[in-house]
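Structure, as structure tokens:
Please read these numbers as outputs of a predicted model, since none were measured by experiment.
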Amino acid sequence: MSALVHLAKDHIQRIADGGQFVIVNGMDRFIGFFAWDVKLNATWLKMTLIVFAVGYEITAIAAMALASVKGVFTERSFTMSFVTMTGAMCIVIWLSLAAFRRDLTGTVKFLQHRQCTIHRQSAARKALMDRVNRYLWLFYLQNIAQVFFWINLLRNCSPLAVFELSLLDSVNVLLYPLAMTLMSLMFIHTIMIVSTLLSALSLEFYWLGQEFEQVFAQCNTFAATARKRYWDGLKRRIDTCVIEHQRLLGQISTLRNNLKLYLLLNLVADFSLITFAGCQMVISSEGDQHLYSILAALTACLNMLNFGGLCDLLKIQVHAIKFRLYSSQWTDYLRPVSGPLYPRCRRIRSSILIVMTRAEHELRISCGSVYDMSLTTCWAVLQFSYSVFTLLLSFFENEPRDQ
């Protein structure tokens, strides 16, 4: 018993030491797109699982096309369409992010290196990272719980049942849960990648703002008027912060371009899932499917609001750099300097003004160059989804009367 407890503690400690990217790295071994070392058996297993999930979804789409040709759509067929559409969205969204695998890999390595070599050395920064990591774990578990309900509550709604083959139905008892789990994990993996990157970059700008704010904390009158070495050291510290600011802005620029299509597809998927789940609650007579519909709509809302909130948070932290600089009171320290020290102070002032000019530009994380990804956009999508659901609800209520 003590050996099991010790083993569990070691496993938990390894997870804690993995930092913010422990979930992303763990899922990448089985369903991700970062590591493709064909010398490892895990890579071949991952390729097999992905091919199986995609092949199953293609077969499900063919089954629904066959049902459409035969004209055998029923209440159960509507649920089958729901399952097929959701699975297809999971794969498409996974592919939209996998297309930028190289850039995303570079960003993940950049942030992991900074967390391991810089931020984990500070107790305050490590504590903040741990709090963010706990939030990511809760977000991950909330999405994983959705998979359990998907498999169990919709176990009799596999699209492959349209073929009406007894052997296929028997085999599908095992194939359906595996395929649904894999497609769900593909989608959850992309959610965790984007959530982790956005939260990690928000922390980077938060800490960089603190460094800018504290850069003049050691300033005093004697140093400001008599020590040339002090101002040379101050210039080096300012230049280091400026370089870090430019590097982080470069990472955001790359990430922003790579996420345009992904965030747009996520909005479409969340809107479709919320609306579809609402319609299913109206036309379905099975209580367990009502439960799944509620959970699916709730999960889609939480995922969408999570992205909107993280994008807003990142915008706030990037824009807050200039306020951090003002809080450092750099103008009070640099304005009275004259004489031989003036050229040094002028160079420091120029570096600071460069950062403030860059911070003035509004950060836009857009959805396919259509809308900015924010809580405002998410709320608008929810309102539109409610309007469409109301329209469809009136249609379903009036349909029996027309007959």
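Although no hydrogens or angles enter the test, the distance criterion places a donor-acceptor pair under 3.5 Å between the side chain of Asn25 and the main chain of Phe21. In this structure, the side chain of Ser253 does not engage the main chain of Gly250 through any donor-acceptor pair within 3.5 Å. Although no hydrogens or angles enter the test, the distance criterion places a donor-acceptor pair under 3.5 Å between the side chain of Ser199 and the main chain of Thr196. Between the side chain of Thr390 and the backbone N or O of Tyr386, at least one donor-acceptor pair lies under 3.5 Å. Panel note: side chain Ser122, backbone Ile118; no donor-acceptor pair is recorded below 3.5 Å. Although no hydrogens or angles enter the test, the distance criterion places no donor-acceptor pair under 3.5 Å between the side chain of Asn258 and the main chain of Phe100. Between the side chain of Lys315 and the backbone N or O of Ser374 there is no donor-acceptor pair closer than 3.5 Å. Distance alone, capped at 3.5 Å, is enough to place a donor-acceptor pair between the Gln121 side chain and the Cys116 backbone.
By the 6.0 Å contact criterion, CG on Asp37 is enclosed, its count of non-hydrogen atoms from other residues, nucleotides or ligands being greater than 12. For OH of Tyr56, the number of neighbouring non-hydrogen atoms (other residues, nucleotides, ligands) closer than 6.0 Å is greater than 12. Around the CZ atom of Phe52, the shell of radius 6.0 Å holds more than 12 heavy atoms that belong to other residues, nucleotides or ligands. Counting heavy-atom neighbours within 6.0 Å of Trp36 CH2, excluding the residue itself, gives a total above 12.
The CD1 atom of Ile61 sits 7.0 Å away from the OG1 atom of Thr84 when rounded to the nearest 0.5 Å. Here the straight-line distance linking atom CG of Leu185 with atom CE of Met180 works out to 11.5 Å at 0.5 Å rounding. For the atom pair CG of Leu259 and CG of Leu198, the computed distance is 6.5 Å after rounding to the nearest 0.5 Å. How far CG of Leu273 is from CG of Leu298: 11.0 Å, rounded to the nearest 0.5 Å. Rounded to the nearest 0.5 Å, atoms SG (Cys90) and CE (Met186) are 8.0 Å apart. Interatomic distance, CG of Leu197 versus CD of Gln251, reported as 9.5 Å (0.5 Å rounding).
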Problem set entry | Phe110/Leu248 under side-chain contact (heavy atoms from CB on, under 4.5 Å): CA gap, chis, key distance, verdict | CA-CA 10 Å; Phe110 169 78; Leu248 290 175; 3.8 Å; yes

For this session: Show your working on side-chain hydrogen bond (donor to acceptor under 3.5 Å, both in side chains) between Asn303 and Asn143 and close with a plain yes or no.
Result: CA-CA 9 Å; Asn303 289 342; Asn143 277 277; 3.0 Å; yes

Problem set entry | Test log, rule side-chain contact (heavy atoms from CB on, under 4.5 Å), inputs Ile193 and Leu97 | CA-CA 9 Å; Ile193 290 173; Leu97 203 62; 4.3 Å; yes

For this session: Quick one: do Leu310 and Ser195 satisfy side-chain contact (heavy atoms from CB on, under 4.5 Å)? Show the steps, please.
Result: CA-CA 7 Å; Leu310 287 176; Ser195 299; 3.9 Å; yes

Problem set entry | Test side-chain contact (heavy atoms from CB on, under 4.5 Å) applied to Met304 and Leu382, step by step | CA-CA 9 Å; Met304 184 168 54; Leu382 287 176; 3.4 Å; yes

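A ring-centre distance under 6.0 Å is found for His189 and Phe33.
Side-chain atoms of Leu267 and Phe307, non-hydrogen and from C-beta on, never get closer than 4.5 Å to each other. Within the 4.5 Å cutoff, the side chain of Lys109 has no heavy atoms near those of the Phe34 side chain. By the 4.5 Å heavy-atom criterion applied to side chains, Leu249 and Val318 are counted as neighbours. Counting heavy atoms from C-beta on, the side chains of Trp94 and Ile50 come closer than 4.5 Å. The closest side-chain heavy-atom distance from Val83 to Tyr176 is below 4.5 Å.
Across every non-hydrogen atom of Pro177 and Leu174, the tightest pair is CD-O, 3.3 Å. Of all the heavy atoms in Gln146 and Ala296, the pair that sits closest is NE2-CA, 3.3 Å. Considering all non-hydrogen atoms of both residues, Leu182 and Leu49 come closest at CD1-O, 3.5 Å. The minimum heavy-atom distance between Met373 and Cys311, with the atom names listed, is O-CB, 3.2 Å. Contact detail for Leu136 and Ile23: the closest heavy-atom pair is O-CD1, 3.9 Å. Of all heavy-atom pairs spanning Val147 and Ser184, the tightest one is CG2-CB, 3.4 Å.
Salt bridge status for Asp130 with Lys126: present, with a side-chain N to carboxylate O gap under 4.0 Å.
Tested against Lys260 for a side chain to side chain contact (heavy atoms under 4.5 Å, CB included), the candidates Cys367, Ser366, Ser96 yield a single pass: Ser366. Evaluated for a side chain to side chain contact (heavy atoms under 4.5 Å, CB included) with Ile93, the options Asn266, Leu261, Leu263, Val268 yield exactly one hit, Asn266. Each of Leu208, Leu314, Leu111, Leu128 was scored for a side chain to side chain contact (heavy atoms under 4.5 Å, CB included) with Leu203, with one residue passing: Leu128. Checked options Glu204, Arg120, Gln20; the residue passing with Gln115 is Gln20 (criterion: side-chain hydrogen bond (donor to acceptor under 3.5 Å, both in side chains)).
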